[in-house]
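Keep in mind that this is a model prediction, so the values were computed, not measured. We're numbering straight along the sequence, starting at 1.
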Amino acid sequence: MFNLLRMDLRRLFQNRSFYIILVVTAVLLIMVTVMAHAIADPEMMDEMEAQGAEITEADRMMSDYIQNMSQLDFMHETLGSGFLLVMTGIGMTLFVNGDFSSGFIKNICCVKPRRRDYVLSKFALSGIYSGIITLLSVLVMLLSPVVIHMYPAPDSISQILRYTLWMWLPHWAFALMALALVLLTRNTTLGIILSLVAGSGLTAAFMGTLGNLLHWPPLEQFFLSSVVAGVYVPQNGITQSWVILACIITWAAIYGIGSLLSMEKRDI
């Protein structure tokens with residue numbers, strides 16, 4: 001397993017799409033920070049109004065809201081939207097689908113009959129991949145406001161580390177979901193579309209609407225997009241940490257069992 005993981009990491013750090021995902025993530029987060037700074041600046045709002053732009057009371061309230069944010073408030077407004085889920089899902093889809101299109105998995109599994117090691121190495125790789133994206137995003141959201149002279153109220157290091165941990169875990173689960181999608185579809189296009197739909201929260205919204213019509217329990221709270229949105233604001237009546245851990249275990253089981261069954265049939 002560890003030899004396969006080292007091989008995967010070497011391939012990952014030599015993979016162009018990995019760096020493209022990281023750069024796009026960082027650039028978009030910096031753009032969000034710059035836009036938030038412009039909205040939060042009262043002088044900028046006054047200047048825009050003087051130039052003929054229509055500034056409503058809602059715009060003023062949004063400006064005040066941003067000015068009063070703490071570091072974690074500001075961070076979660078962006079990271080809790082599901083944006084990182086989408087980037088993680090697309091990145092894992094592009095990287096792992098190459099195992100099938102290039103014949104890598106067939107070569108590995110023919111040379112090493114213990115195919116369980118391949119599954120375990122991908123499980124670990126998904127955690128490392130999602131961890132890198134999550135850590136990069138947290139650092140960008142902490143440092144970029146300082147660069148443009150925007151200073152949200154500071155939070156303690158322990159609070160930031162705890163938030164980073166509980167954001168990383170559901171993204172790890174989403175990366176495992178992307179692995180399962182690649183296993184089922186063997187197609188980057190469909191895998192990317194499914195990552196976009198699930199990461200943006202459309203599946204959770206659809207389930208919530210359907211549940212209201214059919215009087216089901218609120219099952220949408222167990223979708224990863226809802227879990228990520230609730231990391232900073234725990235859901236009512238349920239322990240957030242248990243939901244996150246359950247998501248990881250569920251998708252690990254789906255990917256692990258599905259992969260092993262597929263490989264038993266030599267469908268690689």
Does the pair Ile160 and Leu142 meet the rule for a side-chain contact (heavy atoms from CB on, under 4.5 Å), with working shown? CA-CA 10 Å; Ile160 294 173; Leu142 287 175; 4.0 Å; yes
CE of Met62: more than 12 outside heavy atoms within 6.0 angstrom? no
Should the heavy atoms of other residues, nucleotides or ligands under 6.0 Å from CG of Leu213 be counted, would the total exceed 12? yes
Would you check if the side chain of [X] reaches a backbone N or O of [Y] as a donor-acceptor pair within less than 3.5 Å?
{"X": "His215", "Y": "Gly211", "answer": "no"}
{"X": "His76", "Y": "Ala229", "answer": "yes"}
{"X": "Asn212", "Y": "Gly208", "answer": "yes"}
{"X": "Ser130", "Y": "Ala175", "answer": "no"}
{"X": "Glu77", "Y": "Phe74", "answer": "no"}
{"X": "Gln71", "Y": "Asp155", "answer": "yes"}
{"X": "Asn15", "Y": "Arg11", "answer": "no"}
{"X": "Trp168", "Y": "Ile133", "answer": "no"}

Determine which pairs satisfy ring-ring contact (aromatic ring centres under 6.0 Å, His included) with at least one residue from residues 122-147, sequence neighbours left out, and list them in order. Phe18-Tyr129, Phe123-Trp172
Atom [atom1] of [X] and atom [atom2] of [Y]: how far apart are they, to the nearest 0.5 Å?
{"X": "Phe83", "Y": "Leu85", "atom1": "CZ", "atom2": "CG", "result": "10.5 Å"}
{"X": "Leu179", "Y": "Phe174", "atom1": "CG", "atom2": "CZ", "result": "11.5 Å"}
{"X": "Leu94", "Y": "Arg16", "atom1": "CG", "atom2": "CZ", "result": "13.0 Å"}
{"X": "Phe95", "Y": "Leu125", "atom1": "CZ", "atom2": "CG", "result": "5.5 Å"}
{"X": "Ile157", "Y": "Thr164", "atom1": "CD1", "atom2": "OG1", "result": "11.5 Å"}
{"X": "Met207", "Y": "Phe223", "atom1": "CE", "atom2": "CZ", "result": "4.0 Å"}

Check the hydrophobic clustering (I, L, V, M, F, W, Y; side-chain heavy atoms under 4.5 Å; chains of links allowed) and say if [X] and [Y] are grouped together.
{"X": "Met69", "Y": "Met35", "answer": "no"}
{"X": "Leu190", "Y": "Leu181", "answer": "yes"}
{"X": "Val32", "Y": "Ile66", "answer": "no"}
{"X": "Trp216", "Y": "Phe222", "answer": "no"}
{"X": "Leu245", "Y": "Leu219", "answer": "no"}

For [X] and [Y], work out which heavy atoms get closest and say how close.
{"X": "Ile244", "Y": "Pro170", "answer": "CG2-CD, 3.6 Å"}
{"X": "Leu176", "Y": "Ile248", "answer": "CD1-O, 3.9 Å"}
{"X": "Thr33", "Y": "Met150", "answer": "O-SD, 4.2 Å"}
{"X": "Gly256", "Y": "Val119", "answer": "CA-CG1, 3.9 Å"}
{"X": "Pro152", "Y": "Pro145", "answer": "CD-CB, 4.1 Å"}
{"X": "Ala180", "Y": "Ile254", "answer": "CB-CG2, 4.3 Å"}

Please tabulate, for the side chains in residues 193-202, all donor-acceptor contacts under 3.5 angstrom to protein atoms that are two or more places apart in sequence or on a different chain.
from: Ser195; atom 1: OG; to: Gly191; atom 2: O; distance (Å): 2.9
from: Ser200; atom 1: OG; to: Leu196; atom 2: O; distance (Å): 2.7
from: Ser200; atom 1: OG; to: Val197; atom 2: O; distance (Å): 3.2

With sequence neighbours left out, what residues match Val140 under side chain to side chain contact (heavy atoms under 4.5 Å, CB included)? Ala26, Leu29, Ile30, Leu136, Ser144
Met141 vs Thr78, side-chain contact (heavy atoms from CB on, under 4.5 Å): CA-CA, chis, key distance, verdict: CA-CA 9 Å; Met141 295 305 293; Thr78 302; 3.7 Å; yes
Would you mind reporting whether Met31 and Val27 have side-chain heavy atoms less than 4.5 Å apart? yes
Sub-4.5 Å side-chain heavy-atom contact between Phe206 and Glu220: no
Going by distance alone, is a donor N or O of one side chain under 3.5 Å from an acceptor N or O of the other, for Gln14 and Tyr19? no
Donor-acceptor side-chain pairing of Ser70 and Asp73 below 3.5 angstrom: yes
Given the rule in the side-chain contact (heavy atoms from CB on, under 4.5 Å) test, do Leu5 and Ile128 qualify, once you have shown the distances and angles that lead to the verdict? CA-CA 10 Å; Leu5 179 59; Ile128 295 171; 4.3 Å; yes
